[in-house]
Protein chains: 2
Amino acid sequence: MITIDIHKIFKHKKIKITANRLDIANILSNSKHPLNTKEIESKLNEPDRVTLYRNLKLLVELEVLHKIEVNGSTVSYAFNHSITDVNKNKEHLHFHCNICNKVICMPQHKINSYNLPEGFIQEKCKLIVDGICNICNKEINNTSTIQE
Amino acid sequence: MITIDIHKIFKHKKIKITANRLDIANILSNSKHPLNTKEIESKLNEPDRVTLYRNLKLLVELEVLHKIEVNGSTVSYAFNHSITDVNKNKEHLHFHCNICNKVICMPQHKINSYNLPEGFIQEKCKLIVDGICNICNKEINNTSTIQE
DNA sequence: TTTTAAATGCAACGCTGTTGCATTTAAAAG
DNA sequence: CTTTTAAATGCAACAGCGTTGCATTTAAAA
């Protein structure tokens, strides 16, 4: 059961183990794709926005979660599996679908460090590709076939 | 004089040539770096937020400007020089300084297209490196030297 | 010069995230 | 197990960024 691992992580990070935090971590840990605040909120039983925002912020600071900002209005969160599994979660490409707004990790495309001009220091890096995801693409093709 | 080129661009795009729009385009055309809304606003004589936002949106849609979102709270705009100069402004790396918040174009690092899984369509792409810029880096070193 | 559709500027709103503060609760101490 | 206490919660209110509605102004066509 994954819940036990999350208990351990919270203990190790020395934060209180609360229902709110367990819920958030479990939802994201079990999700195939990163989820935005709305999606997380809708999966919670007692959704208080303030508590959610505070816990998301805390868990990102403690590196339990990753925050992924594909654009100004779409902020997603993903569980940082590299806490338990070192191989996963190196900085990688994120795909953002302009139709369904979903964010999909593409760990096959890792991000290297770039040769910047003298004096520039690279701390973090993000690579975002916008477009149409495989599911929306399929739907578009189906619809157009029917119409013909 | 650059103003004449911008006149031509607006004519060609079939939008009214107004003082507001000329100001925005001139400010960004003459700026070395992309500027955020606050910075543009501070350089305007009569700053009405609504008109500014509406014109920024329009000029981005008409591809006179580029919109660069390095994170949720930092949105910058740059003049699209490729309208007049085909060589410039291919999609490239943007550097964001975590100290001064400035955004700097790094056209030496172009963005290629990625080999995405079956069914995914790439439309746009962005590559953002966060860190410390050369100017802030120099300031940090100076300060620490004095303190020693 | 007249006409008209587009652009502007104000007020008010909406969404996302934050702050202050009283109340509740996890978990440490006894 | 009970008491203690610092952290977490939930509410109200706020702040920043961008948008919408609408009356007024203005660029540019007639």
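All values reported here derive from a predicted model rather than from experimental measurement. Throughout, protein chains are lettered first and strands after them, A, B, ... in sequence-line order, and every chain is numbered starting at 1. As a basis for the values below, the full set of heavy atoms in this structure was taken, side chains included, without hydrogen atoms, waters or symmetry mates.
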### Message
For a quick test of reading the model: is some side-chain N or O of K57(B) closer than 4.0 Å to OP1 or OP2 of dT19(D)?
### Response
yes
## Note on the structure
Whole-Å distance, E69(A) CD to dT16(C) P, equals 14 Å
### Task
Please work out if T37(B) contacts a base, only the sugar-phosphate, or nothing of the nucleic acid, heavy-atom cut-off 4.0 Å.
sugar-phosphate
### Task
Grab the NZ-P distance between K16(A) and dA26(C) for me, whole Å please.
8 Å
#### Entry: Whole-Å gap separating P (dC17(D)) and CD1 (I40(B))
13 Å
### Message
Which residue in the set N55(A), N26(A), T51(A) passes side chain to side chain donor-acceptor pair (under 3.5 Å) when paired with R21(A)?
### Response
N55(A)
### Query
Has K13(A) got more than 12 heavy atoms of other residues, nucleotides or ligands less than 6.0 Å from its NZ?
yes
### Message
Just N and O in the side chain of K38(B): are any of them under 4.0 Å from OP1 or OP2 of dC17(D)?
### Response
yes
### Message
With nearest nucleotide decided by heavy atoms, which residue, K67(B) or I15(B), maps closer to the 5′ end of DNA chain D?
### Response
K67(B)
### Message
Please classify the nucleic acid contact of R49(A) as base, sugar-phosphate, or nothing, using heavy-atom distances under 4.0 Å.
### Response
base
### Message
Just the rounded figure in Å: distance from C1' of dA8(D) to CD of E46(A).
### Response
12 Å
### Query
Ignoring hydrogens and geometry, is there a side-chain-to-backbone donor-acceptor pair from K14(B) to K11(B) under 3.5 Å?
no
### Task
Output, in order, the C-alpha distance, side-chain angles, deciding distance and verdict of side-chain contact (heavy atoms from CB on, under 4.5 Å) for L65(B) and F79(B).
CA-CA 5 Å; L65(B) 303 181; F79(B) 190 80; 4.0 Å; yes
#### Entry: Separation of dT8(C) P from L52(B) CG (nearest whole Å)
10 Å
### Within 6.0 angstrom of K38(B) NZ, more than 12 heavy atoms from elsewhere
no
### End-to-end axis angle, where each axis spans five pairs of the helix from dT1(C)-dA30(D) to dG30(C)-dC1(D), to 10°
30°
### Task
Count the heavy atoms of every other residue, nucleotide or ligand shown that sit under 6.0 Å from CD of E63(B), and state whether that count exceeds 12.
no
### Query
Can you tell me if the side-chain N/O atoms of N20(B) get under 4.0 Å from OP1 or OP2 in dT26(D)?
no
### Query
Just checking T51(B): base, sugar-phosphate only, or nothing, at a heavy-atom cut-off of under 4.0 Å?
base
### Query
To the nearest Å, how far apart are D48(A) CG and dT24(C) P?
15 Å
### Query
With the 4.5 Å side-chain cut-off for hydrophobic clustering, are L22(A) and V60(A) part of the same group?
yes
### Residue N112(A) excluded, over 12 heavy atoms near CG under 6.0 Å
yes
### Message
It should be established whether N55(A) places a side-chain nitrogen or oxygen under 4.0 Å from OP1 or OP2 of nucleotide dT9(D).
### Response
yes
### Task
Using a heavy-atom cut-off of under 4.0 Å over every strand shown, decide if K11(B) touches base, sugar-phosphate, or nothing.
nothing
### Message
Using OP1 and OP2 only, check whether a side-chain N or O of R21(A) sits under 4.0 Å from dA8(D).
### Response
yes
### Task
Rounded to the nearest angstrom, tell me the gap between atom CD1 in I17(B) and atom C1' in dA7(C).
13 Å
#### Entry: Polar pair under 3.5 Å, donor/acceptor by atom type, side chain R54(A), base dG17(C)
no
#### Entry: Protein-nucleotide distance (Y53(B), atom OH; dC15(C), atom C1'), rounded to Å
13 Å
### Query
Can you find a side chain N or O atom of S73(B) that sits less than 4.0 Å from OP1 or OP2 on dG16(D)?
no
